[in-house]
Amino acid sequence: MSETLLPKKEWIPTIHSHFRLQWEETQQAYVLLYPEGMIKLNFSGGEILSRCNGKSTIQTIIEDLQHQFPDAHNIEQDVLEFLSIAFGKQWLTTYD
Amino acid sequence: MKTAPFWLLAELTYRCPLQCPYCSNPIEIAQINNELDTETWFRVMREARQLGAVQLGFSGGEPLVREDLPELVAEGRRLGYYTNLITSGVGMTADKVANLKAAGLDHIQVSFQASSAELNNFFAGSDKAFAQKIAMAKEIKRHGYPMVLNFVLHRQNVDQVAQILDLSMELQADYVELANTQYYGWAFHNRQQLLPTREQLQKAEAVVAQYREKFGARRKIIFVVPDYYETRPKRCMNGWGNIFLTITPDGTALPCHSARQLPFEFPNVRHHNIGYIWRDSPGFNQFRGNEWMREPCRSCPEKEKDFGGCRCQAFMLTGDAANTDPVCDKSPLHHTITEVIDKAYIGDATPLLFRNMQNSKNLIASDHISS
C-alpha cells in the first residue's frame with residue numbers, strides 16, 4: 001500500500017509530527033505513540049528511530065550506530081531498509 | 001492477564017451541551033454529580049502511569065466544560081502519556097485549541113452527528129453545533145494536531161457515508177471513524193429507532209471500500225461494524241480487565257464505560273489506589289480469564305478469540321452478565337438480537353429520547369415507580 005521511498009544518506013530524518021517516540025520504562029522499549037494507539041519497537045528499530053532527531057543525516061546515524069555496535073554486521077543496509085519502511089509508514093519525514 | 005492497563009479513559013464529567021440520543025453514558029447521569037477534583041485526577045493519572053498506562057483519553061460528557069482541562073492535560077503529558085481529547089467541539093474556541101496545544105495535548109477527536117447542518121443539529125439537539133464543529137476542525141488542523149473525526153452511524157445517517165467522507169476529506173481529517181452505534185446507555189433505550197437495516201449497512205461498507213481505494217494510506221478510514229448483524233460477538237475491550245481502565249466522573253473505576261449497570265461492586269478511586277483497583281479488586285477480576293464461562297462458551301474452540309463477547313450486552317439482553325453474548329448464533333438466546341433486527345425492517349414511529357438531565361430524571365423517576 002505505502003509507496004516505497006529509498007532513503008538517501010544525506011537526508012535528515014525526523015519523527016513525523018503525528019507520532020511521538022518515547023522510551024517506556026515499564027516495557028524497556030521505545031514506542032511510537034499516535035492517536036489511541038502504540039507501536040512497540042524492537043531493539044534495533046528503537047536505536048535507529050531515537051537517532052532521527054531532525055539534526056543528523058542518515059550517514060551520521062549509520063556511523064553513530066557502527067561506532068556504538070562495532071560487532072554488528074551490515075548496519076548500513078539494515079538501517080536503510082528500516083528507514084525505507086519507516087518513511088513508507090509515515091513515521092518519519094525529512095528535511096533535505 | 002496483563003499486569004498493566006494500556007488505556008486510561010478519564011470521563012471528566014457527564015455535563016454536556018449536546019443531547020445525542022445514542023450517547024453511551026448511563027441513563028442515570030442526572031444522579032451522578034459529585035465530580036472528582038483536580039488533585040484526585042492527578043493522583044489517578046500518576047498511579048495508572050506507574051502501572052504502565054500509555055494512552056490517556058479525556059472524555060465525558062463534554063470534557064471542555066471542566067475548567068481545569070488544560071491543567072489535567074499538562075499533568076498527563078508531563079507524566080509521559082499520549083493525551084487524547086475526545087470532544088464534540090462545542091465549547092471550544094481558537095484560544096483553547098492553542099492553549100491545549102501549549103499544555104501538551106497530542107490529539108483531538110471531534111465528533112460529528114452528520115454531514116449536513118440540518119441532520120447534525122437535529123441529532124445534537126443544538127442549532128449551532130454544525131457550524132461550530134466545522135470552524136473548530138479547521139482550527140485544530142491549523143495548529144498541526146493529528147485529527148480524528150468521529151461519526152456515529154445509525155439508520156438516519158448511514159445512507160450518507162459518501163457525503164460524510166467527502167466532508168472529512170475536505171476538513172483534512174487524518175483518521176475518520178465511522179462508528180456504528182453500539183447499543184448501550186441512551187442508545188440502548190433508542191435502539192429500535194437507531195438500528196439500520198442490513199442492506200443499509202452493506203451499501204455503506206461498499207462506499208467505504210471505494211474511498212479506501214481512492215485515498216490509500218494518506219487517510220485512514222475506520223469502520224466499526226454494528227455487532228447486532230454479526231454471528232460471533234466482538235472481542236469486547238480486548239478482554240475484561242486486560243488493557244482498558246475507565247474512571248467515571250464520580251471516581252468509579254470500570255473495566256469498560258458501560259459496566260456501571262452490572263450488578264457487581266466496582267471500586268472508587270476516592271477509596272482505593274489504581275494498583276489495588278486494577279490488580280486485586282473483585283470487580284476487575286470478575287470476568288478475567290475463562291473460568292467464569294458457561295456453555296456454549298466453555299467448550300467453544302473460539303473462546304480465546306472473543307472471550308464470549310460483551311458482558312454488558314449479555315446482561316442487558318439475557319439478564320445475566322455471565323451468559324454468552326447473544327450476538328453469537330450459538331447462544332440459545334440469540335433470538336433477543338434477531339427480534340430487534342426484524343423490527344428494524346418495520347420501523348418504529350416512537351420519537352427518539354434525547355440525552356439530557358431532564359430526561360434522565362424522568363427515566364429515573366418512572367423506573368422507581370415501576371419497580
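Sequence lines set the chain letters: A, B, ... in the order given, protein chains first and strands last, and positions in each chain run from 1.
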* Hey, which residues of residues 42-50 of chain A are touching chain B, say heavy atoms under 4.5 Å apart? -> none
* Under 4.5 Å heavy-atom distance to chain A, tell me which part of B/Glu213 shows up: side chain, backbone, both or neither. => neither
* Asked: Roughly how far, to the nearest 0.5 Å, is the NE2 atom of A/His18 from the OH atom of B/Tyr175?
  -> 8.0 Å
* Side chain, backbone, both or neither: which part of B/Gln50 has a non-hydrogen atom closer than 4.5 Å to chain A? -> backbone
* So do the side chains of B/Tyr82 and A/Arg20 get within less than 4.5 Å of each other, counting heavy atoms only? -> yes
* For A/Leu33 and B/Val54, what are the C-alpha separation, side-chain angles and deciding distance, and is it a side-chain contact (heavy atoms from CB on, under 4.5 Å)? -> CA-CA 8 Å; A/Leu33 301 169; B/Val54 179; 3.1 Å; yes
* Could you tell me whether the side chain of A/Ser17 reaches within less than 4.5 Å of the side chain of B/Tyr145, counting heavy atoms only? => no
* To do: Might you confirm whether atom NZ of B/Lys138 has over 12 heavy atoms from other residues, nucleotides or ligands at distances under 6.0 Å?
  => no
* For the side chain to side chain contact (heavy atoms under 4.5 Å, CB included) test, which of B/Ile108, B/Asp174, B/Asp106, B/Val148 pairs with A/Pro35? -> B/Val148
* Asked: In terms of heavy-atom proximity below 4.5 Å to chain B, should A/Glu36 be classed as side chain, backbone, both, or neither?
  -> both
* Structure fact -> Comparing B/Gln55, B/Met147, B/Gln109 against chain A, the one with the most heavy-atom pairs below 4.5 Å turns out to be B/Gln55
* Asked: Can we say A/Glu25 and B/Arg49 salt-bridge, meaning some charged N sits less than 4.0 Å from an Asp/Glu carboxylate O?
  -> no
* Side-chain heavy-atom pair B/His107, A/Tyr34 within 4.5 angstrom cut-off -> no
